Amino acid sequence: MSSHFQIPKTQKAAIVESNDAPLRVVSDHPVKQPGELAPGECLVRLDCSGVCHTDLHARKGDWPVPAKLPLIGGHEGVGIVVAVGAHTQDSPVKLGDRVGIKWLAYSCLDCEPCRKGIEQSCEKGKYSGFTVDGTFSQYVVSYVNHVTPIPSSLPSDEAASILCAGVTVYRAIKYSNTHIGDWIVLPGAGGGLGHLAVQYAVAMGLRVVAIDTGAEKKNLCTKLGAEAWVDFKETKDLVGDIKAATGGKGAHAAVVTAATGAAYAQAIDYLRPGGTLMVVGLPAQAKLSADIFFTVIKSINIVGSYVGNRQDAREALDIAARGKVKCFFESKPLSALSEVYEGLEQGKIVGRVVLNMTD
Ligand SMILES: NC(=O)c1ccc[n+]([C@@H]2O[C@H](COP(=O)([O-])OP(=O)(O)OC[C@H]3O[C@@H](n4cnc5c(N)ncnc54)[C@H](O)[C@@H]3O)[C@@H](O)[C@H]2O)c1
Ligand SMILES: [Zn+2]
Ligand SMILES: [Zn+2]
């Protein structure tokens with residue numbers, strides 16, 4: 001055990017008991033004490049946590065792989081390391097460091113995916129707010145090798161959603177085979193991942209076609225630098241609109257961050273030959289149906305992209321700390337989490353909601 005911080009015995013937490021029961025926000029959830037931490041674990045006192053659409057999938061249990069129950073969700077947390085497990089060797093973080101908690105809480109660092117830099121797909125991976133309790137609580141247990149240092153110039157609430165939404169779209173764009181001046185289509189552009197994708201794309205010199213719905217999301221995307229906008233609920237010809245915006249040729253890449261299968265439907269048609277479809281949004285139990293003939297004839301790349309590794313997380317945060325990308329968010333208390341889930345379900349959240357964990 002090592003800590004000079006005062007650590008309470010209980011805390012506020014939002015608990016999913018079952019997929020159907022109402023979310024329970026309690027104030028007497030036990031805090032794991034420093035003496036109870038295993039080697040390699042650390043205790044983080046959270047300032048805030050973003051709410052990702054993935055937390056809604058976990059809460060509803062709508063993916064092919066269900067989350068643990070009971071569950072404390074959340075995987076966009078920022079806070080201070082207040083304890084490190086006894087006998088932890090060579091910890092890269094120390095007491096008082098400000099760190100981020102991302103989706104990948106732990107990986108073995110030694111299996112083939114880990115060795116190849118896709119530790120997100122580790123054979124022994126643990127996932128915050130899914131297979132281990134996450135950041136919708138005031139204290140969270142995480143792992144010294146995977147918490148991410150937060151640049152000192154970046155406030156915690158601005159850093160929070162970079163830890164999932166930001167790193168995910170940053171990596172997806174990085175591997176989208178695009179170059180400065182290329183066109184990228186972003187279905188879901190007004191949501192949490194999407195509005196950050198617009199900014200990372202612009203920062204990388206790409207030209208953005210944003211797809212989403214409603215005036216508020218249109219205004220946000222346009223303000224952030226999207227050159228063209230298509231409202232998926234209003235358009236009569238999505239492919240035609242994208243071709244028109246891209247000089248008749250179609251886009252070089254698409255990063256789909258919508259949580260609906262429909263958003264993937266026409267991607268092969270609006271990509272130009274050699275184009276790349278980055279598969280990011282995770283609609284419940286959906287299948288990707290791509291026309292095999294045109295996928296081949298147009299030499300299309302279809303790539304699954306899963307959050308990012310530790311290096312991607314540091315790069316995504318560094319870009320945000322340098323002011324190139326800024327999360328657009330509304331702050332709310334933990335007690336508002338149920339309403340936030342309803343808002344996500346109905347597509348009403350513009351950008352992100354970040355929960356303040358200190359009040
Ligand atoms: N691959 C990964 O590693 C990864 C990481 C994080 C999140 N996700 C997944 O990404 C998805 C999005 O997460 P989020 O937090 O950004 O959600 P969000 O609800 O904030 O944003 C989704 C956006 O998609 C828009 N949308 C819905 N249907 C659309 C359509 N047909 N065309 C265009 N836009 C459409 C919505 O209006 C909304 O603005 C979720 O399924 C989440 O689980 C994947
Ligand atoms: Zn997420
Ligand atoms: Zn591994």
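For this chain, numbers begin at 1 and follow the sequence in order. These figures come from a predicted structure and were not determined experimentally. As the structure lists them, so they are numbered: ligands from 1, and atoms in each ligand from 1.
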Are any of the N/O atoms in [X] less than 3.5 Å from those in ligand 1?
{"X": "Gly192", "answer": "yes"}
{"X": "Gly351", "answer": "no"}
{"X": "Gly347", "answer": "no"}
{"X": "Thr260", "answer": "yes"}

On the 0 to 90° scale, with breaks at 30° and 60°, tag the [X]-[Y] ring pair as parallel, tilted or perpendicular.
{"X": "Tyr170", "Y": "Tyr200", "answer": "tilted"}
{"X": "Tyr341", "Y": "Phe136", "answer": "perpendicular"}
{"X": "Trp103", "Y": "Tyr306", "answer": "perpendicular"}

Metal site angle (apex the Zn ion (ligand 3)), SG from Cys114 and SG from Cys111, 10 degrees: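 Rounding to the nearest 10 degrees gives 110°.
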
SG (Cys122) - the Zn ion (ligand 3) - SG (Cys108) angle, nearest 10°: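 About 110°, to the nearest ten degrees.
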
For [atom], grab the closest protein heavy atom and report residue, atom and distance to one decimal in Å.
{"atom": "atom 10 (O) of ligand 1", "value": "Gly281 CA, 3.4 Å"}
{"atom": "atom 4 (C) of ligand 1", "value": "Thr168 CG2, 3.7 Å"}
{"atom": "atom 44 (C) of ligand 1", "value": "Val280 O, 3.1 Å"}
{"atom": "atom 3 (O) of ligand 1", "value": "Val307 N, 2.6 Å"}
{"atom": "atom 21 (O) of ligand 1", "value": "Gly191 CA, 3.4 Å"}
{"atom": "atom 42 (C) of ligand 1", "value": "Thr54 OG1, 3.4 Å"}
{"atom": "atom 9 (C) of ligand 1", "value": "Leu282 N, 3.8 Å"}
{"atom": "atom 12 (C) of ligand 1", "value": "Thr257 O, 2.9 Å"}

Answer yes or no for His53: is there an N/O/S atom below the 2.8 Å cut-off from the Zn ion (ligand 2)?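 False for His53.
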
Look at Lys32 together with Glu41 and state whether they make a salt bridge at an N to O cut-off of under 4.0 Å.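 Counted as a salt bridge, because a side-chain N and a carboxylate O are separated by less than 4.0 Å.
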
Note: Lys68-Asp133 ion pair, threshold 4.0 Å (strictly below):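 So Lys68 pairs with Asp133 through a salt bridge.
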
Centroid separation under 6.0 Å, is that true for the rings of His252 and Trp183?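 No, the ring centres sit 6.0 Å or more apart.
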
Go through it in stages, so that I can follow the logic: the residues are Glu119 and Arg310, the test is salt bridge (Lys or Arg N to Asp or Glu O under 4.0 Å), and I'd like the CA-CA distance, side-chain angles, deciding distance and then a yes or no. CA-CA 8 Å; Glu119 59 206 27; Arg310 288 163 297 156; 3.0 Å; yes

Mind checking whether Phe329 and Leu337 sit in one hydrophobic cluster, side chains of I, L, V, M, F, W, Y counted as touching below 4.5 Å?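 As far as the 4.5 Å side-chain criterion goes, Leu337 and Phe329 are not connected within one cluster.
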
Hey, quick one: are Ile302 and Tyr264 part of the same hydrophobic cluster, counting side-chain heavy atoms closer than 4.5 Å, chains of contacts allowed?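 Cluster IDs for Ile302 and Tyr264 match.
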
Give the atom numbers and elements of ligand 1 that come within less than 4.0 Å of a heavy atom of [X].
{"X": "Ala263", "answer": "30 (C), 31 (N), 32 (N)"}
{"X": "Ala259", "answer": "40 (C), 41 (O)"}
{"X": "Lys217", "answer": "36 (C), 37 (O), 38 (C), 39 (O)"}
{"X": "Gly188", "answer": "23 (C), 24 (O), 25 (C), 33 (C), 34 (N)"}
{"X": "Tyr306", "answer": "3 (O)"}

Determine whether Lys102 and Glu76 make a side-chain contact, defined as any pair of heavy atoms from C-beta on separated by less than 4.5 Å.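 Heavy-atom side-chain distance check fails, nothing below 4.5 Å.
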
Which atom names give the shortest non-hydrogen contact between Leu196 and Ala165, and what distance separates them?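 Heavy-atom minimum between the residues: CD1-CB, 3.7 Å.
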
Nearest neighbour of atom 36 (C) of ligand 1 from the list Val169, Leu193, Asp212, on a heavy-atom basis: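 It is Asp212 whose heavy atom sits nearest to atom 36 (C) of ligand 1.
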
Considering Arg171, His57, Glu76, His53, which one's heavy-atom position lies nearest to atom 14 (P) of ligand 1?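 Nearest heavy atom to atom 14 (P) of ligand 1 lies in His53.
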
Within the structure, is a non-hydrogen atom of Arg352 found at a distance of less than 4.0 Å from ligand 1?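 Contact present.
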
Does Leu344 reach ligand 1, in the sense of a heavy atom lying below 4.0 Å from it?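 Leu344 counts as a contact of ligand 1 under the 4.0 Å cut-off.
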
Residue-level breakdown please: for Tyr264 versus ligand 1, do any non-hydrogen atoms fall below 4.0 Å on the side chain, on the backbone, on both, or on neither?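 Neither part.
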
Between Cys164 and ligand 1, which part of the residue brings a heavy atom under 4.0 Å of the ligand: side chain, backbone, both or neither?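 Answer for Cys164: side chain.
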
Pick out which of Arg59, Lys60, His53 makes a side chain to side chain donor-acceptor pair (under 3.5 Å) with Glu345.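 Single side chain to side chain donor-acceptor pair (under 3.5 Å) partner of Glu345 among Arg59, Lys60, His53: Lys60.
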
